[in-house]
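What follows is one structure encoded as structure tokens, with my remarks underneath.
Both ligands and their constituent atoms are indexed starting at 1 by order of listing.
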Amino acid sequence: MSINTPALERKSRNLIVTGGAGFIGANFVHHWCGKYPGDRVVVLDALTYAGNRATIAPLEGKANLRFVHGDICDRPLIDGLLKEENIDLIVHFAAESHVDRSILGPGAFVQTNVVGTFTLLEAFRQHWNEKGQPDSFLFHHVSTDEVYGSLGPEDPAFTETTPYQPNSPYSASKAGSDHLVRAYYHTYGMPTLMTNCSNNYGPYHFPEKLIPLMCINILLGKPLPVYGDGQNVRDWLYVGDHCSAIDAVIHGSKPGETYNVGGNNEVKNIDLVHKLCELMDELAPNLPVRPSKQLITFVKDRPGHDRRYAIDATKLKTDLGWTPAQTVETGLRQTVEWYLANQDWWKPLLSAEYQDYYQKVYATC
Ligand code: NAD
Ligand code: TYD
């Protein structure tokens, strides 16, 4: 089915979205429930510091959405859900996702990203076997471009055949999960798909990540910590475009494939922070410090900081016709507007735990 097939022609699905209370997972749940209202969506989320049930609360009243507070490492729980809900699709977002936290404490990353993914794969394999190995079943694994390592300024962008060279405990644990997913397709023939996406931004992004952190610190008049020389490059993609890409892959790809997802929006960190300052100066009425670029503070670099990521998404465009709807200009403006209009969403997240984390990462900078 191509991405343009009307939703009416498709067979409805029963899916588990792991990590559906996190940033991208919740955006995906909103996307999917809006587009495929006939599907049964089970959100499975452990509600770690990064999970926020409020993000999907407006959908919880609907009969076809069920929220389950649980861990992807809990095999009996997953076995029960697969049976009870007659699941035919897992869209797997749940992960520990922040590089700086992986430097402070890598154990949770190995547990959730590797052991958790393995647990889901094993449970889904058993379920798929018990149902007679239907071709229509699918395990979609959401991964990152960080598994490919770091590029030099002139290197070509990552393709699906770029060798893995992860450099942080986060990317190494994601690489481990990617390899397991690949092995389940090649060894057992279990239908799997994988997407490796570049840096996302947009609504519901937890304050520790670069873009929300800068937006919030500008609003609070706090320093804007730029690691190292600020010349590191990331390839930014609006989160709604990531969701539409996963949708396109689930509906259009044959099993066993992997797709890179990116927006062709390479930006140096320091340029991105300047853009955010300009947008805030334009859109926010009562900033404590204006112009906000005065708050920019260069701090000690992140250990092992990858210099550049860039995605070549040609395969996704050629095979499935997917292209992003937002440019970095339109997406950043929408994002800044969202953080200004939704202070009730992010203010409670600046908790004591968050302040403690902030101290640990930035106190030594
Ligand atoms: P996030 O940290 O915002 O959310 C992760 C979610 O997973 C949270 O709701 C958390 O409660 C849940 N979770 C964590 N451990 C769990 C466990 N053991 N059991 C069940 N739930 C658990 O992450 P995100 O930014 O939304 O990323 C989602 C996925 O996309 C991750 O797999 C990440 O590697 C991948 N990804 C992220 C980006 C990005 O820029 N954020 C880019 C490419 C790929
Ligand atoms: P981040 O949002 O943590 O994503 P990732 O490390 O997964 O790419 O960081 C994006 C870039 O911004 C990365 O090069 C690190 C940099 N950065 C800062 O300069 N200062 C900060 O306070 C943070 C959180 C990130």
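Remark: Lys275 does not engage Asp271 in a salt bridge, criterion side-chain N to carboxylate O under 4.0 Å. Between Arg75 and Asp79 there is a salt bridge, since at least one side-chain N of the basic residue sits less than 4.0 Å from a carboxylate O of the acidic one. With respect to the salt-bridge test (charged N to carboxylate O, under 4.0 angstrom), the residues Arg40 and Glu85 qualify.
Among protein residues, Gly19, Ala21, Gly22, Phe23, Ile24, Asp45, Ala46, Leu47, Thr48, Ala50, Gly51, Gly70, Asp71, Ile72, Phe93, Ala94, Ala95, Ser97, Thr112, Val142, Ser143, Thr144, Tyr170, Lys174, Cys197, Ser198, Asn199, Asn200 come within 4.0 Å of ligand 1, judged on heavy atoms.
Both cation-pi conditions hold for Lys222 and Tyr358: the charged atom is under 6.0 angstrom from the six-membered ring centre and inside a 45 degree cone around its axis. For the pair Arg125 and Tyr188, the cation sits on the ring face: its NZ or CZ lies under 6.0 Å from the ring centre, inside 45° of the axis. Tyr36 carries Arg10 over the face of its six-membered ring, with the cationic atom under 6.0 Å from the centre and within 45° of the normal.
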Just list the N/O pairs, ligand 2 to protein, that are under 3.5 Å apart, with the distance for each.
unit_1, atom_1, unit_2, atom_2, d
ligand 2, 2 (O), Leu210, N, 3.0
ligand 2, 3 (O), Arg302, NH2, 3.0
ligand 2, 4 (O), Asn199, ND2, 3.3
ligand 2, 6 (O), Arg302, NH1, 2.5
ligand 2, 6 (O), Arg302, NH2, 3.3
ligand 2, 7 (O), Glu146, OE2, 2.5
ligand 2, 8 (O), Asn199, ND2, 2.9
ligand 2, 8 (O), Arg234, NE, 2.7
ligand 2, 12 (O), Asn269, ND2, 3.4
ligand 2, 14 (O), Arg234, NH2, 3.2
ligand 2, 14 (O), Asn269, ND2, 2.9
ligand 2, 14 (O), His305, NE2, 2.7
ligand 2, 19 (O), Tyr227, N, 2.8
ligand 2, 20 (N), Pro225, O, 2.8
ligand 2, 22 (O), Pro225, O, 3.3
ligand 2, 22 (O), Tyr362, OH, 2.6

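Every pair passing ring pair (Phe, Tyr, Trp, His ring centres under 6.0 Å) that includes a residue from residues 40-78 is listed here, sequence neighbours excluded: Tyr49-Phe206.
With sequence neighbours left out, the side chain to side chain donor-acceptor pair (under 3.5 Å) criterion links Tyr357 to His98.
In terms of modelled atom types and a separation under 3.5 Å, the side chain of His140 and the main chain of Ile250 share no donor-acceptor contact.
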